[in-house]
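These values consider heavy atoms only, across backbone and side chains, with no hydrogens, waters or symmetry-generated copies. Just so it is clear: chains get the letters A, B, ... in the order the sequence lines come, proteins before strands, and each one is counted from 1.
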There are 2 protein chains.
Amino acid sequence: MSSDPALTTTSYAILGLLSVRPWSTYELAQQMDRSLGRIWPRARSKIYEEPKKLVRHGLARAERQLVGRRPRTVYAITAEGRETLAAWLREPGDGPVLECEQLLQVFFAESASPADTLATVRAARAWAVERNRGNLAAARDYQAGEGPFPERVAQLLLVGRFLTDYYRLVAEWADWAAELVERWPDDLRDAPVAAEHFAETVRRAEWSDD
Amino acid sequence: MSSDPALTTTSYAILGLLSVRPWSTYELAQQMDRSLGRIWPRARSKIYEEPKKLVRHGLARAERQLVGRRPRTVYAITAEGRETLAAWLREPGDGPVLECEQLLQVFFAESASPADTLATVRAARAWAVERNRGNLAAARDYQAGEGPFPERVAQLLLVGRFLTDYYRLVAEWADWAAELVERWPDDLRDAPVAAEHFAETVRRAEWSDD
DNA sequence: GACATATGGTCCCATAGGGAGTATAAGGCA
DNA sequence: TGCCTTATACTCCCTATGGGACCATATGTC
């Protein structure tokens with residue numbers, strides 16, 4: 001339909017939201033902040049650009065409205081958009097990408113003081129508590145039958161469970177790590193070799209041995 | 001020291017590797033593929049650019065060597081580099097960033113067939129098995145006292161445990177999700193409301209309630 | 001001697017992050 | 001009534017990043 005840049009996964013994320021209902025760009029940005037951004041985080045500026053690309057590809061329609069004297073644009077998916085979305089869903093996408101500056105800092109802990117590393121590990125726990133708060137609130141809403149998209153509850157349950165377990169994992173790891181770091185000497189080369197901790201790690205990883 | 005672009009977290013990742021020992025750029029790229037890339041994934045082209053930036057900032061030294069007629073560059077950290085690294089380690093960095101196209105596809109499962117979603121969930125499990133393989137092998141090496149950096153075993157244990165539990169989480173989630181998806185009707189709005197699954201999710205998220 | 005694979009890189013462009021900047025609308029309060 | 005704050009509704013720009021294409025030499029194997 002055009003020689004426009006090809007669709008990216010971010011395009012499909014926006015297209016997916018439009019398949020649920022029409023949104024203004026501002027609402028799309030909010031939605032990314034509050035929910036979709038937890039599994040597909042993107043900068044605000046991109047959220048405002050993507051719908052325009054979808055329109056150029058014929059996958060969405062833009063409707064200009066007026067709120068007082070201020071214009072706003074509401075986007076809706078087209079039939080071709082629904083087909084394109086379905087085609088994307090037919091091919092499993094990439095697996096999870098993890099990127100964690102805090103883990104990087106733990107990885108290079110020998111160049112820091114144990115106190116610094118402890119602070120980093122505690123920051124990881126605080127992050128998990130904060131993220132868990134919003135996720136728990138959303139889960140309780142749906143449990144009470146009060147979520148905004150009751151017809152999507154089956155899908156949301158799957159994603160919500162992943163996030164719940166993920167935040168929990170970060171917190172439990174941080175607690176365990178903090179206990180170890182508290183007993184670290186200043187020179188990490190002198191740290192006691194934690195044979196049983198390694199054995200436990202290996203045990204936990206052996207699930208994939210058939 | 002310069003009006004060069006500022007250091008990024010990727011700069012510190014490379015600087016950290018240089019604090020362990022000198023590496024050629026090719027070795028750095030390999031190291032990112034095999035180990036550091038699991039917590040800070042970056043494109044190869046960037047790995048070749050970063051050390052040059054470190055040199056411009058006075059944080060690393062480059063030594064040109066010859067292997068036959070072919071030149072290669074080996075980078076080593078400077079005293080200023082060690083100070084800069086330590087300063088970065090003093091401030092806890094950003095928390096984990098998760099980005100998962102597969103979860104996005106599950107999120108929009110009402111536009112796919114249950115069979116498509118099942119394939120996506122199975123792809124997630126396969127991803128976890130694959131990632132776990134390398135991680136388990138490394139853990140076993142260190143457990144046997146055969147890892148390449150025995151003096152770094154304390155830090156590596158912490159990061160290794162995080163990854164172990166993370167891959168396990170993905171696999172267990174995928175198994176659980178597959179069971180549910182297998183019972184999905186074609187129209188997801190007719191899917192049975194899984195009250196007990198929501199209750200279980202809420203229970204698992206309640207760890208942060210004080 | 002031929003060929004595959006490992007080593008050691010450079011270059012380019014579209015995508016992405018993220019902050020600064022610009023306006024208007026709506027709601028609260030004095 | 002007017003003022004102030006917050007929400008709505010965007011645009012622009014600069015640098016970082018992803019990732020593939022491309023190039024060359026060295027080493028190991030048959």
TODO: Examine dG8(C): is either OP1 or OP2 under 4.0 Å from a nitrogen or oxygen in the side chain of R72(B)? Give yes or no.
DONE: yes

Task: Residues R61(B), Y75(B); criterion side chain to side chain contact (heavy atoms under 4.5 Å, CB included); working and verdict - done: CA-CA 6 Å; R61(B) 257 187 314 272; Y75(B) 292 90; over 6 Å; no

TODO: Would you kindly say whether E50(B) and S11(B) are connected by a side-chain donor-acceptor distance under 3.5 Å?
DONE: yes

- [ ] Please report, rounded to the nearest Å, how far the P atom of dG17(C) is from the CG atom of D33(A).
- [x] 13 Å

TODO: Describe the nucleic acid contact of P51(B) in one word from base, sugar-phosphate, nothing, applying a heavy-atom distance below 4.0 Å.
DONE: nothing

TODO: Would you indicate, yes or no, if dC12(D) has its OP1 or OP2 atom less than 4.0 angstrom from a side-chain nitrogen or oxygen of S45(A)?
DONE: no

Task: d(NZ, K52(A); P, dT15(C)) in whole Å - done: 15 Å

Open item on the list: Side chain of T8(B) only, heavy atoms from C-beta on: which candidate in dG17(C), dG9(C), dT17(D) is closest?
Closed with: dT17(D)

Open item on the list: I want to check one thing: is the phosphate of dC10(D), taken as OP1 and OP2, less than 4.0 Å away from some side-chain N or O of T25(A)?
Closed with: yes

Open item on the list: I'd like to know if the side chain of Q105(A) reaches the main chain of E91(B), judged simply by a donor and an acceptor atom lying under 3.5 Å from each other, with no hydrogens or angles considered.
Closed with: yes

Open item on the list: Any base atoms under 4.0 Å from R44(B), or only sugar-phosphate, or nothing? Heavy atoms, all strands.
Closed with: nothing

Open item on the list: I want to check one thing: is the phosphate of dG8(C), taken as OP1 and OP2, less than 4.0 Å away from some side-chain N or O of Q65(B)?
Closed with: no

Open item on the list: Categorize Q30(A) for me: base, sugar-phosphate, or nothing, with a 4.0 angstrom heavy-atom threshold over every strand shown.
Closed with: sugar-phosphate

Open item on the list: If the cut-off is 4.0 Å, is K46(A) near the phosphate of dG18(C), judged by side-chain N/O to OP1 or OP2?
Closed with: no

Open item on the list: Which nucleotide wins on minimum distance to the side chain of R69(B), given the candidates dA26(D), dG8(C), dT15(C)?
Closed with: dA26(D)

Open item on the list: From the set dC13(D), dT17(D), dA9(D), return the single nucleotide nearest to any side-chain atom of E49(A).
Closed with: dC13(D)

- [ ] May I have all residue pairs that pass ring-ring contact (aromatic ring centres under 6.0 Å, His included) and include part of residues 126-159 of chain A, sequence neighbours excluded?
- [x] W127(A)-Y167(A)

Open item on the list: Just the rounded figure in Å: distance from P of dA14(C) to CZ of R56(A).
Closed with: 13 Å

Task: Nearest-angstrom distance from the residue atom CG of L66(B) to P of dT7(C) - done: 18 Å

TODO: Respond yes when some side-chain nitrogen or oxygen of Y26(B) is under 4.0 Å from OP1 or OP2 of dT7(C), and no when none is.
DONE: yes

Open item on the list: What's the closest nucleotide to the side chain of R70(B) if the choices are dC12(D), dG9(C), dA26(D)?
Closed with: dA26(D)

- [ ] Quickly work out the W23(B) CH2 to dG8(C) P distance and round it to whole Å.
- [x] 13 Å

Task: Atom-pair distance (CE on M32(B); C1' on dT17(D)), nearest Å - done: 12 Å

Task: Closest-nucleotide ordering on DNA chain C, the 5'-leading residue of P71(B) and A43(A) - done: P71(B)

TODO: Could you check whether E50(A) gets within reach of a base, just the sugar-phosphate, or nothing at all, counting any heavy atom under 4.0 Å?
DONE: sugar-phosphate

TODO: Report yes or no: is the cationic atom of R204(B) (NZ for Lys, CZ for Arg) under 6.0 Å from the centre of the six-membered ring of W207(B), at an angle within 45° of the ring normal?
DONE: no

TODO: Can you tell me the distance, in whole Å, between the OH atom of Y75(B) and the C1' atom of dG9(C)?
DONE: 10 Å

TODO: Begin from the C-alpha positions of R152(B) and R189(A) and carry the test side chain to side chain contact (heavy atoms under 4.5 Å, CB included) through to its verdict.
DONE: CA-CA 7 Å; R152(B) 291 178 25 81; R189(A) 287 171 299 187; over 6 Å; no

Task: Separation of dA16(C) C1' from R42(B) CZ (nearest whole Å) - done: 11 Å

